[in-house]
Amino acid sequence: MTISGGARDGAEAQTDTPACEAVPGTARRPRSPRPDRPTNPVAAWRQLRLAGLPSPAGRARAFTEQALADWSWSAATAGVDADVAGDIVLVVAELVANSVAHGGGALELVLDASAHRLRVEVSDRDTLLPAPRRSHDPTLPGGHGLFIVERVTDRWGVERHGWGKTVWAEVDVKRLAPGD
């Protein structure tokens with residue numbers, strides 16, 4: 001089941017990190033390179049296994065910052081909107097923190113770039129679908145994560161799997177690197 005603010009493109013990509021591992025109990029189809037991948041990234045797909053890691057949100061932030069830097073999409077890169085690059089790191093932290101707090105723990109983070117968008121995916125074993133708190137009140141504690149994700153990304157959604165779910169969010173490349 002997929003609930004989304006946009007459709008998953010089914011894009012396949014290749015990992016560029018040797019430390020990538022499949023998450024036990026998950027079914028992820030093999031990915032292969034596509035010709036529409038951006039010229040900026042050295043490679044356009046990275047995966048970080050989070051299951052069992054201490055401080056998964058911090059590690060996911062650092063992993064994302066490194067991927068953006070490697071792909072010349074970091075806040076310090078000329079021609080990149082530093083606010084949007086920072087928002088991507090914030091979205092990763094929020095999705096991982098939500099997965100830890102409400103999904104039984106984050107299993108993996110996937111960053112998938114195409115010529116048109118950067119997609120962030122965080123998977124966990126819980127099948128309960130997240131929903132932003134309506135009547136958002138910034139003075140109350142909690143309930144801000146999905147509100148932030150909804151505000152700073154172009155699309156977000158959830159895919160339910162037999163083993164759990166993947167919450168994803170996308171940012172259009174034209175916002176990240178307007179000059180590309």
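Just so we're clear, the structure is a prediction, and the values are computed from it rather than from any experiment. Here, residue 1 is the first one in the sequence, and each next residue gets the next number.
Placement of Leu111 and Leu53 within a single hydrophobic cluster is found when ILVMFWY residues are connected by side-chain heavy-atom separations under 4.5 Å, directly or transitively. If you chain together hydrophobic residues whose side chains sit under 4.5 Å apart, Val122 and Leu129 fall into the same group.
Formation of a donor-acceptor pair under 3.5 Å by the Arg160 side chain with backbone atoms of Thr127 is found in this model. Side chain of Lys165 to main chain of Asp126: a donor-acceptor pair is present (N/O by atom type, distance under 3.5 Å, no hydrogens or angles). Arg117 contributes a side-chain N or O that, together with a main-chain N or O of Asp112, makes up a donor-acceptor pair within less than 3.5 Å.
Shortest non-hydrogen contact noted between Trp73 and Val80 is O-CG1, 3.5 Å. Taking every heavy atom of both residues into account, Ser99 and Ser123 meet most closely at OG-O, 4.0 Å. Closest approach of Val92 to Ala60, counting heavy atoms only: CG1-CB, 3.6 Å. Nearest heavy-atom pair, Ala57 versus Ala93, reported as atom, atom and distance to 0.1 Å: CB-O, 4.3 Å. The two atoms that bring Thr153 and Ala169 nearest to each other are CG2-CB, 3.7 Å, heavy atoms only. Of all non-hydrogen atoms in Val100 and Ala106, the two that sit nearest each other are CG2-N, 4.1 Å.
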**OP:** Decide yes or no on side-chain contact (heavy atoms from CB on, under 4.5 Å) for Asn98 and Val167, but give the supporting numbers first.
**Re:** CA-CA 10 Å; Asn98 280 354; Val167 181; over 6 Å; no
**OP:** Could you check Val89 against Leu68 for side-chain contact (heavy atoms from CB on, under 4.5 Å), going step by step and ending with a plain yes or no?
**Re:** CA-CA 9 Å; Val89 176; Leu68 293 175; 4.1 Å; yes
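Taking the side chain as every heavy atom from C-beta outward, Leu90 and Ile148 approach each other to under 4.5 Å. Using a 4.5 Å heavy-atom threshold, the side chains of Gln47 and Val110 count as touching.
Classified by interplanar angle (parallel below 30°, tilted 30° to 60°, perpendicular above 60°), the ring pair Trp163/His161 is parallel.
To the nearest 0.5 Å, atom CH2 of residue Trp71 and atom CD of residue Gln66 are 11.0 Å apart. Between atom CD of residue Glu94 and atom CG of residue Asp87 there is a gap of 11.0 Å, rounded to the nearest 0.5 Å. If you take CG on Asp81 and CZ on Arg175, they are separated by 8.0 Å, rounding to the nearest 0.5 Å. Atom CG in Leu109 sits 13.5 Å away from atom CZ in Arg59 (nearest 0.5 Å). To the nearest 0.5 Å, the span separating CZ on Arg155 from CZ on Arg119 amounts to 9.0 Å. From Thr166, atom OG1 reaches atom CG of Asp124 across 8.0 Å, with rounding to the nearest 0.5 Å.
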